[in-house]
Number of protein chains: 2
Amino acid sequence: MALTDDAITRLRTMIQLGELPPGSRLPTEAQLSTQMGISRSGVREAVKVLEAARVLDVRRGDGTYVTSLAPRLLLEGLGVAVELLRDDTLMEVMEVRRMLEPAATGAAALRMSDAELDELGQILEDMRAAKDDAERLIGYDAAFHRTVIAATGNETLTSLLDGLSGQTLRARVWRGLIEGNSAHVTLSEHEAIYLALRSRDPLLAQASALLHVNTSESWLRTVLSAA
Amino acid sequence: MALTDDAITRLRTMIQLGELPPGSRLPTEAQLSTQMGISRSGVREAVKVLEAARVLDVRRGDGTYVTSLAPRLLLEGLGVAVELLRDDTLMEVMEVRRMLEPAATGAAALRMSDAELDELGQILEDMRAAKDDAERLIGYDAAFHRTVIAATGNETLTSLLDGLSGQTLRARVWRGLIEGNSAHVTLSEHEAIYLALRSRDPLLAQASALLHVNTSESWLRTVLSAA
DNA sequence: CCTATAAAGACATCAGATGTTTCCTGAGTT
DNA sequence: AACTCAGGAAACATCTGATGTCTTTATAGG
């Protein structure tokens, strides 16, 4: 299986070298087929792979374009990958989050604007109001962390941590929390993070984020060992 | 464009739900085509996407199988993504490494075996011997860090950091180092990391790793601003 | 100048044929 | 009984051509 993979590599190389800059339009399938000396089927498979990787944007009836190549696009696949990981490797993911999330939260403490802090406070209130609705709680939880991390202004970091906190993973942690009647603990941990950020205290923010990740890790371990 | 994407989602869901466990064999293209009600072309494109994501392993003349779904496979795509990032987002990647690599190195200090330490010492010696050969230096540099991170025993972490330290990125940092006649600085930084690990001193290891990443970040900034 | 329709261009999908590779079976041999 | 190897079946790889559908653009009419 060389032809199609060659085509993938060739397209990727052209993009990497800047011959096909972000936003530019690719030749048509027929032209690519001729240029690369393979059939249109092969071209289509190659393009499909790069489209799935958010490198190309195929617009039916129009043409195929190179995306912006923004981190948020290219790192989108990480989330999908994490969702497919087997249970026995999820603790590894949590260990990475334990390393990354406190540091990111600490950085956010120095960069968060007043408006972002207000937004965060609002999410906290929403959480309190929804404390008996697991579904909404999980949503607010995700929003809370996304808001914090996004405040670092680092899109790559945001996308990575977003991918590492996949929906399924988050849902499992919450299942543990709820079954263990400990949702209130998490709420107070969120409050601690919020207060630290509000004080723009990076060390305190880092510490409270670590405690929070650690709690999640514990409950995930519980859920996984129960299965 | 729904049919093929539906097929991708359906296959991914089946794998996620465990209906197609790691190592299992998929129905043939013809059977999938019938089951999903789309043409073989569509099936092939879907399978190709999942093959590129290292979710499926297609063996010509044999059949298509689900891979082990090991982190090292599923996270392989991260490296490719990083290689495609535009220059103006590379500093974001370095900031993530700044957060992650010190923590990982600190963890390695507690977990590294004597054999691994010896291996690391050997790589250091190789680096000293190759101090005028940029190509080999870069190779040993990569080997050094891979060995350290791998000692954490966390395959997910290893794959992530490996992807974040793409070849191109590393080569650029080294180009800056060499043009700035500062390769020797990096060598001594590696020695500091090695000594900290040898002493199994997590805080010292973390600190020396941070200094090292910081140096890389500075040189990358130099290289990028020159362009 | 605006609008609606027609035409052209491009991707989406399908169907069928042919080439290659791998695996397995069975005949023959030792 | 075990081993070897040729043959065939199964499965993926690739190509070709036709048809459908959508988008964009050009054009004719108001």
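Using modelled atom types, one finds no donor on one side chain facing an acceptor on the other under 3.5 Å when comparing B:Asp162 with B:His145.
Remark: B:Arg44 is not in phosphate contact with D:dC12, judged by side-chain N or O atoms under 4.0 Å from OP1 or OP2. Within the 4.0 Å cut-off from OP1 or OP2 of D:dA11, not a single side-chain nitrogen or oxygen of B:Thr64 is found.
In this structure, of D:dG20, D:dC15, D:dC12, it is D:dC12 that holds the atom nearest to the side chain of B:Arg60. In this structure, of D:dA11, D:dC15, D:dT23, it is D:dC15 that holds the atom nearest to the side chain of A:Ser41. Side-chain atoms of A:Leu3 lie closest to D:dT14 of the nucleotides C:dA12, C:dC14, D:dT14. Of the candidates D:dT23, D:dC15, D:dC12, the closest approach to any side-chain atom of B:Glu29 belongs to D:dC12. For A:Arg25, the side-chain atoms get nearest to C:dA10 when compared with the rest of C:dA10, D:dT24, C:dC11. Of the candidate nucleotides D:dC12, D:dT24, C:dA12, D:dC12 has the atom lying nearest to any side-chain atom of B:Val58.
Within a 6.0 Å radius of CZ in A:Arg72, other residues, nucleotides and ligands contribute 12 heavy atoms or fewer. At most 12 non-hydrogen atoms from other residues, nucleotides or ligands lie less than 6.0 angstrom from CD of B:Gln167.
Atoms CZ (A:Arg59) and C1' (C:dA12) sit 17 Å apart, rounded to a whole Å. Counting to the nearest Å, the C1' atom of D:dC12 and the CG atom of B:Leu56 are 13 Å from each other. Rounding to whole angstrom units, CD1 of residue A:Ile38 and P of D:dC15 are separated by 6 Å. Taking atom CD of residue B:Glu45 and atom C1' of nucleotide C:dA12, one finds them 8 Å apart after rounding to whole Å. Going from atom CG of B:Leu32 over to atom C1' of D:dA10 covers 15 Å, rounded to whole Å. Atom CZ in B:Arg40 sits roughly 13 Å away from atom C1' in C:dT13 (whole-Å rounding). Atoms NZ (A:Lys48) and P (D:dT14) sit 18 Å apart, rounded to a whole Å. The CG-C1' distance, from B:Asp5 to C:dC11, rounds to 13 Å in whole Å.
Within 4.0 Å (heavy atoms only), A:Gly63 reaches sugar-phosphate atoms of the nucleic acid but no base atom.
Between A:Asp5 and B:Lys48 there is a salt bridge, since at least one side-chain N of the basic residue sits less than 4.0 Å from a carboxylate O of the acidic one.
Using a 4.5 Å heavy-atom cutoff, the side chains of B:Val55 and B:Arg12 are not in contact.
Both A:Asp62 and A:Ser33 lie near DNA chain D, and the one whose nearest nucleotide falls closer to the 5' end is A:Ser33.
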